[in-house]
Amino acid sequence: NAGVTQTPKFQVLKTGQSMTLQCAQDMNHNSMYWYRQDPGMGLRLIYYSASEGTTDKGEVPNGYNVSRLNKREFSLRLESAAPSQTSVYFCASSAYRGQDQPQHFGDGTRLSIL
Amino acid sequence: GIQVEQSPPDLILQEGANSTLRCNFSDSVNNLQWFHQNPWGQLINLFYIPSGTKQNGRLSATTVATERYSLLYISSSQTTDSGVYFCAVEEGSYDKVIFGPGTSLSVIP
(Lines give C-alpha, C1' and ligand atoms only; values in the text may rest on other atoms or scores of the structure.)
Protein backbone atom coordinates (compact mmCIF):
# COMPACT_ATOMS: atom_id res chain seq x y z
CA ASN A 1 0.00 0.00 0.00
CA ALA A 2 1.85 3.09 -1.28
CA GLY A 3 -0.33 5.72 0.45
CA VAL A 4 0.46 9.16 -0.98
CA THR A 5 3.07 9.31 -3.75
CA GLN A 6 4.70 12.54 -4.87
CA THR A 7 6.88 13.05 -7.92
CA PRO A 8 9.51 14.27 -8.39
CA LYS A 9 11.35 14.13 -5.05
CA PHE A 10 13.82 16.84 -6.03
CA GLN A 11 13.80 19.53 -8.71
CA VAL A 12 15.89 22.57 -9.61
CA LEU A 13 14.35 25.22 -11.85
CA LYS A 14 15.43 28.52 -13.28
CA THR A 15 13.38 31.63 -12.65
CA GLY A 16 10.51 31.82 -15.13
CA GLN A 17 10.37 28.10 -15.88
CA SER A 18 7.18 26.15 -15.33
CA MET A 19 6.61 22.73 -13.87
CA THR A 20 3.95 20.48 -12.43
CA LEU A 21 4.23 18.54 -9.19
CA GLN A 22 2.32 15.29 -9.22
CA CYS A 23 0.49 13.64 -6.34
CA ALA A 24 -1.48 10.40 -6.27
CA GLN A 25 -3.15 8.51 -3.43
CA ASP A 26 -4.41 4.94 -3.39
CA MET A 27 -6.58 5.11 -0.25
CA ASN A 28 -9.79 6.18 -2.00
CA HIS A 29 -9.70 9.46 -0.09
CA ASN A 30 -12.03 12.29 -0.99
CA SER A 31 -9.92 15.25 0.14
CA MET A 32 -6.47 16.22 -1.10
CA TYR A 33 -4.16 19.07 -0.15
CA TRP A 34 -1.01 20.88 -1.22
CA TYR A 35 1.22 22.53 1.40
CA ARG A 36 4.55 24.29 1.32
CA GLN A 37 7.05 24.23 4.16
CA ASP A 38 9.77 26.84 4.33
CA PRO A 39 12.89 26.31 6.48
CA GLY A 40 12.11 26.36 10.19
CA MET A 41 8.42 26.93 9.64
CA GLY A 42 5.17 25.04 9.74
CA LEU A 43 3.14 23.98 6.76
CA ARG A 44 1.07 26.52 4.87
CA LEU A 45 -1.90 25.42 2.80
CA ILE A 46 -1.68 26.36 -0.87
CA TYR A 47 -4.79 24.71 -2.31
CA TYR A 48 -7.09 21.92 -1.34
CA SER A 49 -9.74 19.79 -2.99
CA ALA A 50 -12.62 18.56 -0.86
CA SER A 51 -13.81 16.18 -3.55
CA GLU A 52 -13.26 15.27 -7.16
CA GLY A 53 -14.11 18.24 -9.34
CA THR A 54 -13.67 20.93 -6.67
CA THR A 55 -10.68 23.02 -5.63
CA ASP A 56 -10.32 25.90 -3.19
CA LYS A 57 -7.62 28.36 -2.24
CA GLY A 58 -5.71 28.01 0.98
CA GLU A 59 -3.49 30.54 2.76
CA VAL A 60 -0.87 31.09 0.02
CA PRO A 61 -2.35 30.36 -3.43
CA ASN A 62 -0.67 33.12 -5.43
CA GLY A 63 1.65 31.83 -8.16
CA TYR A 64 0.12 28.35 -8.19
CA ASN A 65 -2.63 26.46 -9.97
CA VAL A 66 -4.04 23.04 -9.22
CA SER A 67 -5.95 20.33 -11.01
CA ARG A 68 -7.94 17.52 -9.42
CA LEU A 69 -7.56 15.19 -12.34
CA ASN A 70 -9.61 12.40 -10.79
CA LYS A 71 -10.22 11.03 -7.31
CA ARG A 72 -6.65 9.71 -7.06
CA GLU A 73 -4.62 12.56 -8.49
CA PHE A 74 -4.08 16.20 -7.51
CA SER A 75 -1.40 18.21 -9.31
CA LEU A 76 0.22 21.54 -8.47
CA ARG A 77 1.53 23.78 -11.23
CA LEU A 78 3.98 26.65 -11.08
CA GLU A 79 3.45 28.66 -14.27
CA SER A 80 6.43 31.00 -13.89
CA ALA A 81 8.68 29.94 -11.04
CA ALA A 82 10.14 32.57 -8.73
CA PRO A 83 12.94 32.23 -6.12
CA SER A 84 10.34 32.87 -3.38
CA GLN A 85 8.75 29.55 -4.31
CA THR A 86 11.82 27.61 -3.24
CA SER A 87 10.41 25.29 -0.61
CA VAL A 88 9.47 21.74 0.27
CA TYR A 89 6.05 20.84 -1.08
CA PHE A 90 3.87 18.25 0.60
CA CYS A 91 0.77 16.60 -0.72
CA ALA A 92 -1.74 15.06 1.69
CA SER A 93 -5.07 13.27 1.55
CA SER A 94 -7.85 12.38 3.96
CA ALA A 95 -11.20 10.62 3.89
CA TYR A 96 -14.56 12.24 4.42
CA ARG A 97 -14.72 15.35 6.56
CA GLY A 98 -15.95 14.89 10.07
CA GLN A 99 -14.82 11.30 10.32
CA ASP A 100 -11.98 10.07 12.46
CA GLN A 101 -9.69 9.93 9.47
CA PRO A 102 -6.36 11.69 9.76
CA GLN A 103 -4.38 13.25 6.97
CA HIS A 104 -1.75 11.11 5.27
CA PHE A 105 1.27 12.85 3.78
CA GLY A 106 3.61 12.13 0.92
CA ASP A 107 7.38 12.35 1.42
CA GLY A 108 7.63 15.81 -0.12
CA THR A 109 9.17 17.45 -3.17
CA ARG A 110 12.22 19.63 -2.57
CA LEU A 111 12.09 22.44 -5.09
CA SER A 112 14.86 24.99 -5.64
CA ILE A 113 14.43 27.95 -7.96
CA LEU A 114 17.55 29.78 -9.04
CA GLY B 1 -8.65 33.28 9.67
CA ILE B 2 -7.95 31.08 12.62
CA GLN B 3 -4.64 31.48 14.48
CA VAL B 4 -2.75 28.50 15.84
CA GLU B 5 0.01 28.87 18.42
CA GLN B 6 2.30 26.20 19.85
CA SER B 7 4.53 26.24 22.89
CA PRO B 8 7.30 25.88 23.64
CA PRO B 9 8.96 26.57 20.28
CA ASP B 10 11.99 24.48 21.23
CA LEU B 11 12.56 21.79 23.83
CA ILE B 12 15.60 19.73 24.81
CA LEU B 13 15.05 16.65 26.96
CA GLN B 14 17.20 14.02 28.53
CA GLU B 15 16.22 10.54 27.44
CA GLY B 16 13.60 9.16 29.83
CA ALA B 17 12.09 12.54 30.73
CA ASN B 18 8.46 13.50 30.26
CA SER B 19 7.14 16.57 28.43
CA THR B 20 3.96 18.43 27.59
CA LEU B 21 3.45 20.35 24.35
CA ARG B 22 0.65 22.85 24.01
CA CYS B 23 -1.46 24.03 21.08
CA ASN B 24 -3.80 27.03 21.36
CA PHE B 25 -6.25 28.09 18.69
CA SER B 26 -8.20 31.29 18.33
CA ASP B 27 -11.61 30.04 17.24
CA SER B 28 -13.78 26.97 17.32
CA VAL B 29 -12.55 24.13 15.16
CA ASN B 30 -14.05 21.02 13.67
CA ASN B 31 -11.13 18.83 14.50
CA LEU B 32 -7.52 18.84 15.59
CA GLN B 33 -4.59 16.64 14.65
CA TRP B 34 -1.09 16.18 16.04
CA PHE B 35 1.77 15.30 13.69
CA HIS B 36 5.39 14.36 14.13
CA GLN B 37 7.92 15.38 11.49
CA ASN B 38 11.01 13.24 11.86
CA PRO B 39 14.54 14.47 11.12
CA TRP B 40 14.20 13.11 7.58
CA GLY B 41 11.20 15.34 6.93
CA GLN B 42 8.47 12.71 6.95
CA LEU B 43 5.14 13.70 8.50
CA ILE B 44 3.33 11.11 10.56
CA ASN B 45 -0.11 11.56 12.05
CA LEU B 46 -0.13 10.90 15.79
CA PHE B 47 -3.66 11.73 16.85
CA TYR B 48 -6.94 12.86 15.39
CA ILE B 49 -8.51 14.45 18.46
CA PRO B 50 -11.26 17.07 18.14
CA SER B 51 -12.09 16.60 21.83
CA GLY B 52 -11.36 14.34 24.77
CA THR B 53 -8.30 12.24 25.45
CA LYS B 54 -6.54 9.54 23.48
CA GLN B 55 -3.50 7.42 24.24
CA ASN B 56 -1.11 5.52 22.03
CA GLY B 57 1.77 3.91 23.87
CA ARG B 58 3.96 6.57 25.45
CA LEU B 59 2.03 9.37 23.78
CA SER B 60 -1.29 10.81 24.78
CA ALA B 61 -3.28 13.87 23.76
CA THR B 62 -6.08 15.90 25.29
CA THR B 63 -8.19 18.52 23.55
CA VAL B 64 -10.46 20.89 25.46
CA ALA B 65 -12.40 22.39 22.59
CA THR B 66 -14.44 24.79 24.75
CA GLU B 67 -11.21 26.37 26.03
CA ARG B 68 -9.48 26.18 22.64
CA TYR B 69 -6.37 24.22 23.47
CA SER B 70 -4.83 20.80 23.09
CA LEU B 71 -1.96 19.11 24.90
CA LEU B 72 0.39 16.39 23.72
CA TYR B 73 2.11 14.35 26.43
CA ILE B 74 5.28 12.41 25.76
CA SER B 75 6.38 10.09 28.54
CA SER B 76 9.72 8.33 28.95
CA SER B 77 11.10 10.13 25.91
CA GLN B 78 13.44 8.35 23.51
CA THR B 79 15.91 9.72 20.98
CA THR B 80 13.57 8.59 18.21
CA ASP B 81 11.02 11.11 19.52
CA SER B 82 13.22 13.93 18.23
CA GLY B 83 11.79 16.08 15.48
CA VAL B 84 9.11 18.72 15.14
CA TYR B 85 5.61 18.32 16.51
CA PHE B 86 2.79 20.15 14.77
CA CYS B 87 -0.81 20.60 15.67
CA ALA B 88 -3.25 21.27 12.83
CA VAL B 89 -6.84 22.44 13.07
CA GLU B 90 -9.70 22.27 10.65
CA GLU B 91 -11.54 25.55 10.32
CA GLY B 92 -15.28 25.95 10.18
CA SER B 93 -15.10 25.66 6.39
CA TYR B 94 -14.63 21.93 6.21
CA ASP B 95 -11.46 20.38 4.87
CA LYS B 96 -9.30 23.49 5.24
CA VAL B 97 -6.53 22.48 7.60
CA ILE B 98 -4.25 25.08 9.22
CA PHE B 99 -0.94 24.11 10.86
CA GLY B 100 0.72 25.68 13.87
CA PRO B 101 4.40 26.70 13.77
CA GLY B 102 5.56 23.56 15.57
CA THR B 103 7.60 22.57 18.62
CA SER B 104 11.11 21.35 17.87
CA LEU B 105 12.06 18.53 20.26
CA SER B 106 15.55 17.17 20.76
CA VAL B 107 15.98 14.12 23.00
CA ILE B 108 19.58 13.55 24.01
CA PRO B 109 21.01 10.29 25.40
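Predicted model, so just to flag it, every value in this text is computed and none were measured. By convention in this document, chain letters (A, B, ...) are assigned in the order of the sequence lines, proteins followed by strands, and residues within each chain are numbered from 1.
Y85(B) is not connected to Y69(B) by any chain of hydrophobic side-chain contacts under 4.5 Å among Ile, Leu, Val, Met, Phe, Trp and Tyr, and they are in different clusters. Placement of V88(A) and L111(A) in two distinct hydrophobic clusters is found when ILVMFWY residues are connected by side-chain heavy-atom separations under 4.5 Å, directly or transitively. I74(B) and L13(B) fall within a single hydrophobic cluster, where Ile, Leu, Val, Met, Phe, Trp and Tyr side chains are chained together by heavy-atom contacts under 4.5 Å. I49(B) and I98(B) fall within the same hydrophobic cluster, defined by Ile, Leu, Val, Met, Phe, Trp and Tyr side-chain heavy atoms under 4.5 Å apart, directly or through other members.
Nearest heavy atoms, F105(A) versus L43(B): CD2-CD1, 3.6 Å. What you find for Q33(B) and Q103(A) is that their closest heavy atoms are OE1-N, 2.9 Å.
The CZ atom of F99(B) lies 9.0 Å from the CG atom of L45(A); values are rounded to the nearest 0.5 Å.
Shown here is L69(A), whose CG atom has more than 12 heavy atoms of other residues, nucleotides or ligands within 6.0 Å. Atom CD of Q78(B) has more than 12 heavy atoms from other residues, nucleotides or ligands within 6.0 Å.
Proximity to chain A (any heavy atom under 4.5 Å) is shown, for F47(B), by neither the backbone nor the side chain. Of the two parts of R110(A), only the side chain, counted from C-beta on, holds a non-hydrogen atom closer than 4.5 Å to a non-hydrogen atom of chain B. With a threshold of 4.5 angstrom between heavy atoms, Q6(B) does not approach chain A through any atom at all.
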> Where do Y35(A) and V97(B) land on the side chain to side chain contact (heavy atoms under 4.5 Å, CB included) test, with the steps shown first?
Replying inline: CA-CA 10 Å; Y35(A) 295 89; V97(B) 178; 3.3 Å; yes
